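Just below is one structure, and these are the notes that go with it.
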Amino acid sequence: MPELPEVETTVAGLRSVLEGTVLTRVEPRRADLRFPIPVDLRQRLTGATVTSLARRAKYGLIETDRGDTLIFHLGMSGRWRIDPAEIGAHDHLLLETSDGHLLSLNDPRRFGSLDLVRSDAWQAYAPFTRMGPEPLGPEFSAAYLARALQGKSTSIKAALLDQRIVSGLGNIYVCEALNMARISPTREAGRISRARLGLLTDAIREVLTAAIAAGGSTLRDYARPDGELGYFSKQWRVYGREGESCACGGVIRRRVDGGRSTFYCPKCQK
DNA sequence: ACACGATCCTGTAAGC
DNA sequence: TGCTTACAGGATCGTG
């Protein structure tokens, strides 16, 4: 489910419930997700006050007044549920707040992760150290992309999914941005003109910004007790639309590389 | 060094 | 209807 916009929306939803509250109960319900969950997580977080929440790439950060920051990744199927009606087999971490809310990290496939770092050193967290810039940040530009893609023989689609080049993009928004910029997903990454890289960076920013805005508009849904409603927009141009019409009039195709689907329009994406 | 496929796990939906 | 198969928004690891 979660790429950058979904994590951004999730963090905003969590912030409204968590910020300023005390974690009165912290209950990991299994020892690991993708990786082991720190054994002292309960002890370090119980009784702490949540001071702030933030996002880095597809990770959410929950900072406390004890100098610890809980870092979560939602993997493919993770989400936070607020005041769920019942706790099931896939609710892996429960947080109870001094306001009486119960939060649950639910992740059936368990590709997500949970970790605890010292707040003054979160930037040294291993997954962050080799990660490229935020696509919505000031460092991300056509000039940056040109430098990062220089000499790369891999496809532009694979390059944009590589978190070392730019962090936070996933399969959906890469497909969408490439369609918006009219660039073929199979085009060699190192051989795209600077002008087209400009269109691509614009498209990436535009699609992410629109998705965050749409997510924000459904925050109420996200925070519903059942948590069942999707919290991101499904206004996709090409993703999941094989056989349908592209805005240009062409027919959207699907191809699979490395087990992952790519949706694109062969008529307008060159 | 780089590029690519296999892999972790479960749920859902399509196909026979 | 029921069983089997394909596929899913991620990221890492091993191999060529």
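Only a predicted model underlies this, so the values are computations on that prediction, with no experimental measurement involved.
- Shown are A:Pro127, A:Pro38, A:Pro36; of these, the side-chain contact (heavy atoms from CB on, under 4.5 Å) with A:Asp115 is made only by A:Pro38.
- For the pair A:Asp162 CG and B:dA1 P, the computed distance is 15 Å after rounding to whole Å.
- Checked by atom type, the side-chain pair A:Lys270/A:Ser184 shows no donor-acceptor distance below 3.5 Å.
- An OP1 or OP2 oxygen of C:dG9 is reached within less than 4.0 angstrom by no side-chain nitrogen or oxygen of A:Lys58.
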Kindly list each side-chain donor-acceptor pair under 3.5 angstrom involving residues 140-147 of chain A, sequence neighbours excluded, with atom names and distances?
from     : atom 1 : to       : atom 2 : distance (Å)
A:Ser141 : OG     : A:Ala143 : N      : 3.4
A:Ser141 : OG     : A:Tyr144 : N      : 3.1
A:Tyr144 : OH     : A:Ile165 : O      : 2.6

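- Spacing of P atoms, B:dC9 relative to C:dG14, comes out at 16 Å, to the nearest Å.
- Between A:Asp107 and A:Arg79, no side-chain nitrogen of the basic residue sits less than 4.0 Å from a carboxylate oxygen of the acidic one, so the salt-bridge criterion is not met.
- The separation between A:Arg130 atom CZ and C:dA11 atom C1' is 12 Å, rounded to whole Å.
- Exactly one of A:Thr186, A:Asp257, A:Asp162, A:Asn171 qualifies for a side-chain hydrogen bond (donor to acceptor under 3.5 Å, both in side chains) with A:Lys157. That residue is A:Asn171.
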Check your understanding: What dot-bracket string describes DNA chain C from 5' to 3', counting Watson-Crick and G-U wobble pairs whose defining distances are under 3.5 Å, with [ ] for crossing pairs and | for pairs to another strand?
Key -> .|||||||.|||||||

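- Between A:Arg55 and A:Glu8 there is a salt bridge, since at least one side-chain N of the basic residue sits less than 4.0 Å from a carboxylate O of the acidic one.
- Rounded to whole Å, the distance from CD1 on A:Ile172 to C1' on C:dA8 is 10 Å.
- A gap of 15 Å separates the P atoms of C:dC7 and B:dG5, to the nearest Å.
- Taking side-chain N and O atoms only, A:Tyr239 has a distance below 4.0 Å to OP1 or OP2 of C:dG9.
- For the side-chain contact (heavy atoms from CB on, under 4.5 Å) test with A:Leu93, the passing option among A:Asn106, A:Ile37, A:Leu70 is A:Leu70; the others fail.
- Per the geometry, CE belonging to A:Met76 stands 13 Å off P belonging to C:dC7, to the nearest Å.
- Note: CD (A:Glu188) to P (B:dA3) measures 9 Å, nearest angstrom.
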Exercise for review: At under 4.0 Å between heavy atoms, which parts of nucleotides 11-16 of chain B does protein reach? Answer with one letter per nucleotide, 5' to 3': B base, S sugar-phosphate only, - none.
Suggested key: S-----

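- Atoms CZ (A:Arg164) and P (B:dC4) sit 12 Å apart, rounded to a whole Å.
- Taking only side-chain nitrogens and oxygens, A:Gln163 comes nearer than 4.0 Å to OP1 or OP2 of C:dA11.
- Taking only side-chain atoms of A:Phe111, from C-beta outward, the nucleotide of B:dC9, B:dA3, C:dA8 with the closest atom is B:dC9.
- In this structure, CD of A:Glu3 is placed 13 Å from P of C:dA8, rounded to the nearest angstrom.
- For the pair A:Ser77 and C:dG9, the criterion of a side-chain N or O lying under 4.0 Å from OP1 or OP2 is not met.
- Under 4.0 Å is where a charged nitrogen must lie from a carboxylate oxygen, and between A:Glu6 and A:Lys58 no such pair does.
- Separating the P atom of B:dA6 from that of C:dA6 is a span of 14 Å, rounded to the nearest Å.
- Taken together through direct or relayed side-chain contacts under 4.5 Å among Ile, Leu, Val, Met, Phe, Trp and Tyr, A:Leu74 and A:Ile71 form parts of separate hydrophobic clusters.
- The A:Arg254 side chain lies nearest to C:dC7 when the options are B:dA3, C:dG10, C:dC7.
- Under 4.0 Å is where a charged nitrogen must lie from a carboxylate oxygen, and between A:Arg42 and A:Asp40 no such pair does.
- No hydrogens or angles were tested; on distance alone, nothing pairs the side chain of A:Arg260 with the base of C:dA8 as donor and acceptor under 3.5 Å.
- The distance between atom CG of A:Asn171 and atom P of C:dG9, rounded to the nearest whole Å, is 5 Å.
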